Amino acid sequence: MPAAPQFQSEFLRTFAARGAYYDCSGPEELDRLFAKERVTAYIGFDCTADSLHVGSLVQLMTLRRLQQAGHKPILLMGGGTTKAGDPSGKDDTRQMLTSEQIEANKQSILGGIKHLLHFGDGPSDAILVDNAEWLDRLEWLPFLREVGRHFSVNRMLTLESVKLRLEREQPLSFLEFNYSIMQAYDFVELYKRYGCRLQSSGSDQWGNVVSGIDLGHRLANVQLYGLTTPLITTASGAKMGKTAAGAVWLNSDRVSPYDYWQFWRNTEDGDVGRFLRLFTELPESEITRLENLEGAERNDGKKILATEATSILHGREAAGLAAETARRTFEEGASAEGLPSFEIERAKLEAGIPVPNLAQMSGLTSSTGEARRFIQGGGLSVNNVPVKDVKANVSLSDVKDGAIKLSLGKKKHILIKPV
RNA sequence: GGGGGAGUGUCCCGAGUGGCAAAGGGGGCGGACUGUAAAUCCGCUGGCUUCGCCUUCGUAGGUUCGAGUCCUACCUCCCCCA
């Protein structure tokens, strides 16, 4: 990672101090620009799924910080680029999505991140645009003559995303090959429409950002800038936010605020300070204090990280609720109300249900076979007591305080409520 | 258009001689130890009405008591030639 320069402007200084800085085109000039005027900057997100996940959080935080520093963020939804598919970081061609799916994804993504930015007409209010607005309408030959002539295939072949596919002898369709041209075109289009001067992105998009800057010179005779953030990995080197259960999604219907809070609560020791800087807005002095706590006190830092990060995404109330549910569950061992629950007919329970079936029905395990294996490994508990026998039953007599607490390991719990 | 090669457990990579629920990794999950951490060790990592049955090796057929393994056609991809 390149060392961050000594920035003068408020925004870039904070950006770097928070650990979000990776690289930048023309750092001195961009710094002067930020010091002198309100900068319009954009970040694009593709609509490949119905929710973003924590991998995009650094980018979202960048938009938020721009806004807080009085600049103007543009949230670009890639309704158009998604129709091509970004080859970056993918071995295989993505499945082609229909326009309807893309539109539905877009709406869903927006719903999940609405707390993060303030949209409107004010000077530093965020703008929402969809690149399908212009990309959908392009005409093949005029586009090639106006824009395509500025792209050298020789250079495009050296783009990381393209090179990787070629080296691995993985297919790269012509459709995908055009992705970086579209992204470059977006940048110039946003300059023309909104005076956008800066594109921020993850470091993996650097090649595409630079293409946009070049195109700005050629089509609009303007100096555009790029600012990238580092790829966030955990202290043990794993890509953040991917588990077997899937990505840590931002939309609450995929990952509940409680589970989201838990995700941050389980941060490795070595990541606490870094994550507090990146994903919360606490002052540096407080972060320094938290990251220097020793031993078990480190958990205090993790709880604050969890609550702050959850607040930014889901609001302070939901975060507080998640924190309280976690406290009751882990620190008091109680069957806290806020845990996920599953309702079952009283009559069925009265007759007695084998534990593996109940685990499967409630969604705690994906199959009865899996539940059986967990029982054999001692990983499944009823009311905090490990189940010993695969054939064990639960019935009404196991109901305590209106529910049976079924647990998978120490962290996953579900309340079975008879109705 | 011609020639050569590849597609394996739906997380990924990858062995596989006609008897295979299919080696080995990585990743993930569970247990022990802890602090809801890391490291380490152990276990699990197709489904079910589980001492048994069912479904899996690109797709569809065929040969065989038996097919991931052999044959045929098709699909997708890679490489070379044109």
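Proteins come first, then strands; the chains are lettered A, B, ... in the order of their sequence lines, and each starts at number 1. Since the structure is predicted, the reported quantities are computational estimates derived from the model, not experimental observations.
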Open item on the list: Taking the side chain as everything from C-beta on, heavy atoms only, tell me whether S203(A) gets closer than 4.5 Å to D23(A).
Closed with: no
Open item on the list: Distance check needed: G35(B) P versus E331(A) CD, whole Å only.
Closed with: 13 Å
- [ ] Using the C1' atom on both, measure G7(B) against A39(B) and round to a whole Å.
- [x] 39 Å
- [ ] May I ask you to decide if the ring planes of F279(A) and W264(A) are parallel, tilted or perpendicular, using 30° and 60° as cut-offs?
- [x] tilted
Task: Nearest to side-chain heavy atoms of K302(A), which nucleotide of U49(B), G35(B), C48(B) - done: G35(B)
Task: S367(A) side-chain N/O to C48(B) phosphate OP1/OP2 under 4.0 Å - done: yes
Open item on the list: Classify N357(A) by what it touches in the nucleic acid, base, sugar-phosphate, or nothing, heavy-atom distance under 4.0 Å.
Closed with: sugar-phosphate
- [ ] Report yes or no: do E103(A) and S99(A) form a side-chain donor-acceptor pair below 3.5 Å?
- [x] no
Task: Whole angstrom value for the distance that separates C1' of A39(B) from CG of D271(A) - done: 15 Å
Task: Pairwise P distance for U59(B) and C12(B), with rounding to whole Å - done: 15 Å
Task: From G47(B), G35(B), C29(B), nucleotide with atom closest to R373(A) side chain - done: G47(B)
TODO: If A21(B) has a Watson-Crick or G-U wobble mate with both distances under 3.5 Å, name it; if not, just say none.
DONE: none
Task: Sugar-phosphate, base or nothing in reach of G378(A), heavy atoms under 4.0 Å - done: sugar-phosphate
TODO: Let me know the distance between NZ of K410(A) and P of G30(B), rounded to the nearest Å.
DONE: 9 Å
Task: Base paired to U40(B) (Watson-Crick or G-U; both N/O distances under 3.5 angstrom) - done: A32(B)
Open item on the list: Given Q183(A), which partner from the list T81(A), D46(A), N208(A), N131(A) fulfils the side-chain hydrogen bond (donor to acceptor under 3.5 Å, both in side chains) test?
Closed with: N208(A)
Open item on the list: Could you tell me how far U69(B) sits from U64(B) if I compare only their C1' atoms? Round to whole Å.
Closed with: 13 Å
Task: Side-chain N or O of T368(A) closer than 4.0 Å to phosphate OP1/OP2 of U50(B) - done: no
- [ ] Could you pick out which residue, L408(A) or G369(A), lies toward the 5' side of RNA chain B when each is mapped onto its nearest nucleotide?
- [x] L408(A)
Open item on the list: On RNA chain B, does the nearest nucleotide to R265(A) precede the nearest nucleotide to E370(A) from the 5' side, or the other way round? Give the residue.
Closed with: R265(A)
TODO: Please state whether the phosphate of A38(B), meaning OP1 or OP2, lies under 4.0 angstrom from any side-chain nitrogen or oxygen of N266(A).
DONE: no
Open item on the list: Could you check C77(B) for me: syn (within 90° of 0) or anti?
Closed with: anti
TODO: Indicate whether OP1 or OP2 belonging to G46(B) is found under 4.0 Å from a side-chain N or O atom of R372(A).
DONE: no
Open item on the list: In whole Å, measure the gap between the C1' atoms of U56(B) and C51(B) for me.
Closed with: 23 Å
Open item on the list: Does the structure show a Watson-Crick or G-U wobble partner for A15(B), both distances under 3.5 Å? Name it, or say none.
Closed with: none
Open item on the list: Do E281(A) and I312(A) have side chains that approach each other closer than 4.5 Å (heavy atoms only, starting at C-beta)?
Closed with: yes
Open item on the list: Can you check the distance between G58(B) and A15(B), where both ends of the measurement are the P atom (answer in whole Å)?
Closed with: 14 Å
Task: pair I181(A)-M156(A): side-chain heavy atoms closer than 4.5 Å - done: yes
- [ ] Check every strand shown and say whether G295(A) touches a base, only sugar-phosphate, or nothing at a heavy-atom separation below 4.0 Å.
- [x] base
Open item on the list: What is the distance, to the nearest angstrom, from the CG atom on N384(A) to the C1' atom on U36(B)?
Closed with: 14 Å
Open item on the list: Rounding to an integer number of Å, can you tell me how far Y260(A) OH sits from U36(B) C1'?
Closed with: 18 Å
Task: Nearest-angstrom distance from the residue atom NZ of K411(A) to P of G30(B) - done: 7 Å
Open item on the list: Expressed as a whole number of angstroms, how long is the span from L290(A):CG to G35(B):C1'?
Closed with: 16 Å
Task: Minimum-distance nucleotide (side-chain atoms of E268(A) versus A38(B), G30(B), G35(B)) - done: A38(B)
TODO: Write down the distance separating the C1' atoms in G25(B) and U34(B), rounded off to the nearest Å.
DONE: 28 Å
Task: Nucleotide forming a Watson-Crick or wobble pair with C77(B), both distances under 3.5 Å - done: G5(B)
Task: Whole-angstrom distance between A73(B) and C54(B), as gauged at atom P - done: 33 Å
TODO: Write down the partner of G27(B) under the Watson-Crick or G-U wobble criteria, each distance required to be under 3.5 Å.
DONE: U45(B)
- [ ] Give the rounded distance in Å between these two atoms: CG of L305(A) and P of U36(B).
- [x] 16 Å
Task: Who pairs with U72(B) - Watson-Crick or G-U, where each distance is under 3.5 Å - done: A60(B)
Task: Check: U36(B) base within 3.5 Å donor-acceptor of Q262(A) side chain - done: yes
Open item on the list: Taking the side chain as everything from C-beta on, heavy atoms only, tell me whether W261(A) gets closer than 4.5 Å to K303(A).
Closed with: yes
Open item on the list: With rounding to the closest Å, how many angstrom separate the C1' atoms on A6(B) and G52(B)?
Closed with: 39 Å
TODO: Taking only the side-chain nitrogens and oxygens of K391(A), find out if one of them lies under 4.0 Å from OP1 or OP2 of U49(B).
DONE: no
- [ ] Side chain of K412(A) only, please: which of G35(B), U36(B), C29(B) is the nearest?
- [x] C29(B)
Open item on the list: Can you confirm whether or not the ring centre of F7(A) sits under 6.0 Å from the ring centre of F34(A)?
Closed with: no
